[in-house]
Structure formats: C-alpha cells, structure tokens
Amino acid sequence: YWFFEVATCGNPAQAPSVQLAGGATLLGRSQDRDWALLRLNQAPPTNAYFAGWRAPPLTVGGAVSTIHNPNGDVKKWLRGAFKANTYVDYDGARGNFNDVTWLEGTTEGGSSGAPLLTFLAAGGYFEVRGGLFGGAASCTNPAGVDQYSQLDAGLPLLRQYLTPNAASPGGQVAATEFYN
C-alpha cells in the first residue's frame, strides 16, 4: 500500500491509498543491521518520490526524522535529534549505531527498518541515513532512545546498487549471504 495514512492526527478517515501488486526483487539484506534493499518490479505510483542517501556521520544534536507504519498501521511521522554514536552488541548486531531521541511522536512495535532521515534544505529533500534496528522509545516511554544503523556500514553491500558506476574502494567485492 502507498499513501496509507490519515489526513490529520486523530482523524479516523483514511486518505485514499494506492495498492500495487507487482512485488519486488530482493537486492540485498543484512540481518545484523536490520535492513533490506528491494527493487520494485513496477514503477511506483504517481506522487511517490525517491529519497536521496548520505553516508557520512551525523552531527550531534542534528535534526532527524522517520516515517513508519508500525505493525501495518497508518503512516506515522516523527521528528527528533541525533544523540550520539553507540556500540551495540546485541542479538547478532555488533557495531556502531546512531542513537536518536524523539521530540514529536515515537516509534512503536513493528517499526523496525524505518529509515532515519535528514533534511537537505538546499535541495529541499530528505536523505536516508540508516534504518531502525531497535530501541527503548515507545508510547509508554517516548523519551527512550532508538538505535539506527549507519548507512556507511552497509555500503559494501549497497554500493553496487546505489553507485553502480563507481569503482569499489580497495578492490572490495560485495558478497551477500541469505538466511532461511
């Protein structure tokens, strides 16, 4: 479903949504960073836009946002701030993650994989900076901290799709291991 949202908060009337049935092709995934990259098998609907991406580290205190559909619910939009980098060693995930706190809204169960976004004012668009791995923020703990992957950690696998004409640094070759 595309545009699965309500017009305003607290309004039960759902805005018109668009359902596509063409599916997608899995290009890459990372269980330890909780992301997947899919290529749609058909064009997205009218008024859908691609987001850019950027891999350099975030600035402490910098504004961030996310969009998510927790457990298949209508779209939620959050506004927050990047808090710090933190090392995570949990359930197969090891490495640095982006800690985020929310100023408006909160994540909910089923939000995993939601994009961490920064706004590029000069271009007037959002850039993906990582994906939601987990955290303590919730409706009962809105001040909790969420951890988002760092896009640069996934670049060895993503580079062939995000920058297909660029040479890989140091002769690196991407390898994807699929789990059943």
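In what follows, every heavy atom counts, from backbone to side chain, and hydrogens, waters and symmetry copies are set aside.
When the side-chain contact (heavy atoms from CB on, under 4.5 Å) test is applied to Ala48, the partners found at least two apart in sequence or on another chain are Trp2, Phe3, Pro44, Pro45. Asp152 is linked by a salt bridge (Lys or Arg N to Asp or Glu O under 4.0 Å) to nothing, counting only residues two or more places apart in sequence or in another chain. In this structure, the ring-ring contact (aromatic ring centres under 6.0 Å, His included) partners of Phe126, at least two apart in sequence or on a different chain, are Trp77, Phe119.
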Stepwise side chain to side chain contact (heavy atoms under 4.5 Å, CB included) test for Ile67 and Leu117:
CA-CA 8 Å; Ile67 301 171; Leu117 304 166; 4.2 Å; yes

Evaluate Thr66 against Arg79 for side chain to side chain contact (heavy atoms under 4.5 Å, CB included), listing each step before the verdict.
CA-CA 7 Å; Thr66 195; Arg79 185 181 68 83; over 6 Å; no

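One hydrophobic cluster holds both Tyr161 and Leu155 under the rule that ILVMFWY side chains link at heavy-atom gaps under 4.5 Å. Linking ILVMFWY residues whenever their side-chain heavy atoms come closer than 4.5 Å, directly or via other members, places Val60 and Val64 in the same cluster.
Under a 3.5 Å cut-off, the side chain of Asp99 and the backbone N or O of Gln147 do not form any donor-acceptor pair. Looking at Asp146, its side chain never comes within 3.5 Å of a backbone N or O of Thr101 through a donor-acceptor pair. A donor-acceptor contact shorter than 3.5 Å links the side chain of Thr106 to the backbone of Ser138. Side-chain atoms of Gln42 come within 3.5 Å of backbone N or O of Gly22 as a donor-acceptor pair.
Using a 4.5 Å heavy-atom cutoff, the side chains of Arg54 and Leu120 are in contact. At least one side-chain heavy atom of Leu58 sits less than 4.5 Å from a side-chain heavy atom of Leu116. You'll find the side chain of Val18 stays beyond 4.5 Å of the side chain of Tyr1, heavy atoms only. Looking at Leu27 and Leu38, their side chains never come closer than 4.5 Å, going by heavy atoms from C-beta outward. Under the 4.5 Å side-chain criterion, counting only non-hydrogen atoms from C-beta, Asn69 is in contact with Phe4. Inter-residue side-chain proximity for Asn98 and Asn85 is flagged as met; some heavy-atom pair is nearer than 4.5 Å. For the pair Leu37 and Leu26, the minimum side-chain heavy-atom distance is 4.5 Å or more.
Val145 approaches Lys83 most closely through the heavy-atom pair CG2-NZ, 3.7 Å. Pro70 and Gly109 get closest at one heavy-atom pair: CB-O, 3.5 Å.
Atom-to-atom distance recorded for Arg129:CZ and Thr118:OG1 is 4.5 Å, nearest 0.5 angstrom. Rounding to the nearest 0.5 Å gives a distance of 15.0 Å between OG1 of Thr86 and OH of Tyr148. Going from atom NZ of Lys75 over to atom OG of Ser17 covers 11.5 Å, rounded to the nearest 0.5 Å. For the atom pair CG (Leu103) and CG (Leu78), the distance works out to 10.0 Å, reported to the nearest 0.5 Å. Taking OH of Tyr87 as the reference point, atom CZ of Phe97 lies at 9.5 Å (rounded to 0.5 Å). Taken to the nearest 0.5 Å, the CG atom of Asn71 stands 7.5 Å off from the OG atom of Ser111.
Residues Asn96 and Gln150 have side chains that never bring a donor and an acceptor to within less than 3.5 angstrom of each other.
More than 12 heavy atoms of other residues, nucleotides or ligands lie within 6.0 Å of NZ in Lys76, so this atom counts as buried by the packing criterion.
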